[in-house]
Every structure is written in structure tokens, then in C-alpha cells.
Amino acid sequence: MQQALGQRAGQAMAHSRSSAKGVSMRPASSSSVAARPVRGSRKQLSVVARDYPKPAFETAGTFQEAQALSDKLRNAPRPEKPLKVVIIGAGLAGLSTAKYLSDAGHIPIVLEGRDVLGGKVAAWKDEDGDWYETGLHIFFGAYPNMMNVFKELNIEERLQWKEHSMIFAMPDSPGEFSRFDFPDIPAPFNGIFAILANNQMLTWPEKIQFALGLLPAIVGGQKYVEDQDKLTVTEWMRQQGVPNRVNDEVFIAMAKALNFIDPDDLSMTVVLTALNRFLQEKHGSKMAFLDGAPPERLCQPLVDYFTAKGGQIRMNARLKEIKLNADGSVKELAMVNGETIEGDLYVSAMPVDIMKLLTPEPWAAMPYFSQLNGLEGVPVINIHIWFDQKFKTVDHLLFSRSPLLSVYADMSVTCKEYADPNKSMLELVFAPAEGWIGRPDEEIIAATMTELERLFPTEIAADQSKAKILKYKVVKTPLSVYKATAGREEYRPTQRSPISNFYLAGDYTKQKYLASMEGAIFSGKLAAEALVEDVNMKKRPETLAAVEKKQLAAA
């Protein structure tokens, strides 16, 4: 999670290892088995990874819109006196807010409760110097604000782009994969071709029925997409007459990859949003892996950027309480160590579950804050297994189509920093995780190995009689991104709160990219935009009045 809590949240943390209701402020569990020497003369496979050129997504309208917002903030009127803006949380939302506020001429001060950057994209090194992460993070061409960040930080070469394909495991044909290969032609024809050319997962009648079901979304546009939030994926499929097998073959895997839950629960708006971007943008469904761990390769460059402009970051700065003035505005932040921190303005970039815990009592009855009770984080488990052998592998993200596993990748091939020519390291997302989050790591690994044996029986056996586990890490996040069940959209708040000197950022706040890394980055950008507009008196003069009152009191 992005921000450590004070005393109230500490009670929730105490149950983080055994209850899906707990709040984990660090990897709730990370276990390993002792490394075993590799014996025998088994010949290792030679795997040559090939990264593809950066897509030319700069021509996409969404990228240009994101770039225009960056330019707007960078070219905003300079404040007579830069404002000190305190941002709670150093996940992608908080770091994005800080980056764009510094572009607008203000001074961000970021508070992070832990000793690691990244929030939901945090990562740690184990005793051997190997990284393990909170999740398997994939960067899509349809992430325009994220792609702008990489360009603005001049770190675009850190994205390792893969072949333009979506690849699904075939549980009924162990060891085989079914591919949706996108040709180099304009959208939506590349996506249509990819779907029509795949005959392993769907029959022609099923494809036609699915295409007819999608017609209302194509004709109705964004409003239609948003209106489907009241339906789950399964309900929408049934309503549109789409065969159940389409759900079983494709959308169970897609739902778990998008929000770690099954299509019986997931809002259809989430799936239609993804399909819309993938079908409307030529490079939208292209995928990239970061070339190393997110805290070092993405988050640290963001910190370096805004601190070079006068901003600050404070690690191990745990928030205890938001203290208020008589008029209900924020007076100061009380920290767990007894310190108080004051700013001219404040932004919460904490996850929604923590924001709910720390909402001051006078705010709780306000509709803006009470609506947060309709949102909660979804549990997720991320697994890393280091094996003593090199597997026959694919240099890409793989959809497992397993009842227990969502997506996985052999990180020893896909990621430069994790590369190993002799051994494989599989990183897997275990989802849905609600029934497993409180179970011992050993049970989770045993269940994972059973699924891997079913998928790859020639290389993996559950009893390790084939490939042997050298070590593993199980990272449990009891409350991750907000759970995008049907009907959740009405509970998502805007970045501009009713409190004159307080704003929200986070993937759960209103923005069109939902619960994703792009959503987090975009929310921070929107929070910065709202704050800058308010200070310039274009939207809320009371914000400037609150700032002037604070400065006058200080003088």
C-alpha cells in the first residue's frame, strides 16, 4: 500500500497476514526455501529474447491529449510565491501529482509511510539481491499519460516492448499456446484480423455472435460504455446473446487480468473500456515490460525530477491524523513520530481504504466523503518462483486461463534486470485471491505448482520431480486497487474535494482509465490540474482565500 497508517490503522494491520480485511503496509508474506545446488549434466536451453521498437503512438489522439495537459501545466502562469503542497503517499498517483505541480511552479512535499517508493508497484530485494514485486506490471500502448511520463523523464528506452500479440495458455492442450497476433495495419482492422485469425479458442459462429453483441458499444460510444457499469461481464454477455463459451474461453482470463476478479463480479464498463482502447488505437494493445524494478526504474526518476525543482520527499513518514481548522479545512498533518507538517495545500494519494480510515470525523457525513464507503480494495497475491532449470518459454505476458492463476511471465527472459540464461523465474498473479489471502504461503505455492503441472506437464511436476524450486516469494496485498464490481462508478470521487485546501489522487478517483497504473498517473495529473486552476482563481476562489489566510496567519 502507498501510505502507512497511524494508531487506528495499526489495528487493521495486525490482521494482515490472516485476513483479507487487513491492511498490509509491507509485503504481508515473503518466504523462501533454501537454495539447492543444481546437479547433473542436463543441457540448458538457449533462449534469445527480442525486444521490439517503441510503437509510434505519438500520433494517437489520446497521446496528444495527454501531451496537451502536460503542456498546460508546464505553461501555467507562474505563482508570485510557490505554494507548498503536501502530498500523502509516494505511489504513482502521489509521484505524478508532485511531478506536475513542480512543472506548474509549486513545491511538492511527498510523505511516504514506508521505506520504499511505488505504493502498489513497490518492490524489494531479497537476501540474494533478487527483486520481488507487488504485482506483474505491464505497460500498454493505450496508456497515453504513462507514455508521456516516460518521454518527459527521458527514460523511454527502459520499456521493453514485445511482439504485438495476446497469448493464452491452453489447459486442454498442455504446453501449447493460442495467439491473437495483430498485423501492422490500422485499427480497428488489426484487432479484427487478430480475432478472426484465431480458430483455436472460438468457432466462427461464436465470433460472429460476439461481434454482433459488441455492435451497440461500437455505435453507442463512450456513453454506452459508461452506462454498462450496472451490469457484470456475465450479465452483459447473457443480455447480448453472446455464447457462454466466449466468457469461459476469453473473458475469465481478461477479467482477472484487469481487476483480479471473475466476470461474474466485474463491471462490464471495465472490459468495454479496455476493448475500446485496444480496437480504436493501432498500438493500444501492445505490451511492454519495464527493464527492472519499478521503484528504481520509474519511481526514482520521478522523485529526481521534482526534487531537482525544489520539491522534497520524506520516507518513513507515517500519517496519524489530519487535523482541521474551525472552518473544516486542513490545519496540519499529525505524524506517528509526534511531528506536525503544515502546507499551503494538501493532496491525499493514499489508497481508498486508508483514506476512509483517516477521513476526519467532521468530513465523514459529507456526500463526497461518505460515497467512499462504496469502494474497497481487492485482495491480490503475487508469486515469484525461482527454478533450477530454463523452461521452454515465450518472451511475453501469458494469460494462464487457470482457475487460480491470472497472468504470468518468465521474468528471466522478459526483463533485462532479471535475466538468467540458465534458470527461469516465473512471476505469477494468483487471482481471485479472496479465499487464499489468509492461507499459509506453503499452501499457496503447492496450489500454484499443481496448476503449473497441469499447464506444463513435460517440465513441471507438483512434487518437484522435474524442475525443482530454488526459492519462492509470496507477496500478499489484502487491499490493492479498488474492486471494480458492477455499480462502482457512482462512488468514485473527483480530484477536487469540497474542502478548500484538500484534493484527492489515486486510481479510484474519477478518470477514464479505471484501476490501473495509467489511472493512477492520470489521477495525479488531474489533481495537479484542479489545484493549479483553483489557485489561479479559474474555478474556486475560496482555495486562494484559504492559501492567503494560511500565509497571513504564518506572517
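Sequential numbering from 1 along the given sequence is applied to the chain's residues.
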Query raised in the report: Counting only heavy atoms not in E157, do more than 12 fall under 6.0 Å of its CD?
Result: yes

Query raised in the report: More than 12 heavy atoms of other residues, nucleotides or ligands under 6.0 Å from CG of N75: is that the case?
Result: yes

Query raised in the report: Think K99 forms a cation-pi with F306, using NZ or CZ under 6.0 Å from the six-ring centre and within 45 degrees of its axis?
Result: no

Query raised in the report: Within 45 degrees of the axis of the six-membered ring of Y508 and under 6.0 Å from its centre: does K510 put its NZ or CZ there?
Result: no

Requested in this report: Starting from the C-alpha separation in whole Å, work towards a yes-or-no answer on side chain to side chain contact (heavy atoms under 4.5 Å, CB included) for K151 and Q67.
Outcome: CA-CA 10 Å; K151 183 176 181 179; Q67 192 171 54; 3.6 Å; yes

Requested in this report: Determine whether the aromatic ring centres of W363 and F502 lie less than 6.0 Å apart.
Outcome: yes

Query raised in the report: So, do F522 and Y143 have ring centers that fall under 6.0 Å from each other?
Result: no

Report task. Look at R158 together with E417 and state whether they make a salt bridge at an N to O cut-off of under 4.0 Å. Result -> no

Query raised in the report: Is the count of non-hydrogen atoms from other residues, nucleotides or ligands lying under 6.0 Å from K309 atom NZ greater than 12?
Result: yes

**Report entry** Reported OH-to-NZ distance for the pair Y132 and K471, which is rounded to 0.5 angstrom
**Finding:** 10.0 Å

Query raised in the report: Taking 4.0 angstrom as the limit, do R496 and E533 come out as a salt bridge?
Result: yes

Query raised in the report: Would D262 and K256 pass as an ion pair if we require N to O under 4.0 Å?
Result: no

Requested in this report: With rounding to the nearest 0.5 Å, note down the distance linking OG1 in T97 to NE2 in H106.
Outcome: 13.0 Å

Requested in this report: Calculate, to the nearest 0.5 Å, the distance between atoms OG1 and CD1 belonging to T414 and I138 respectively.
Outcome: 7.5 Å

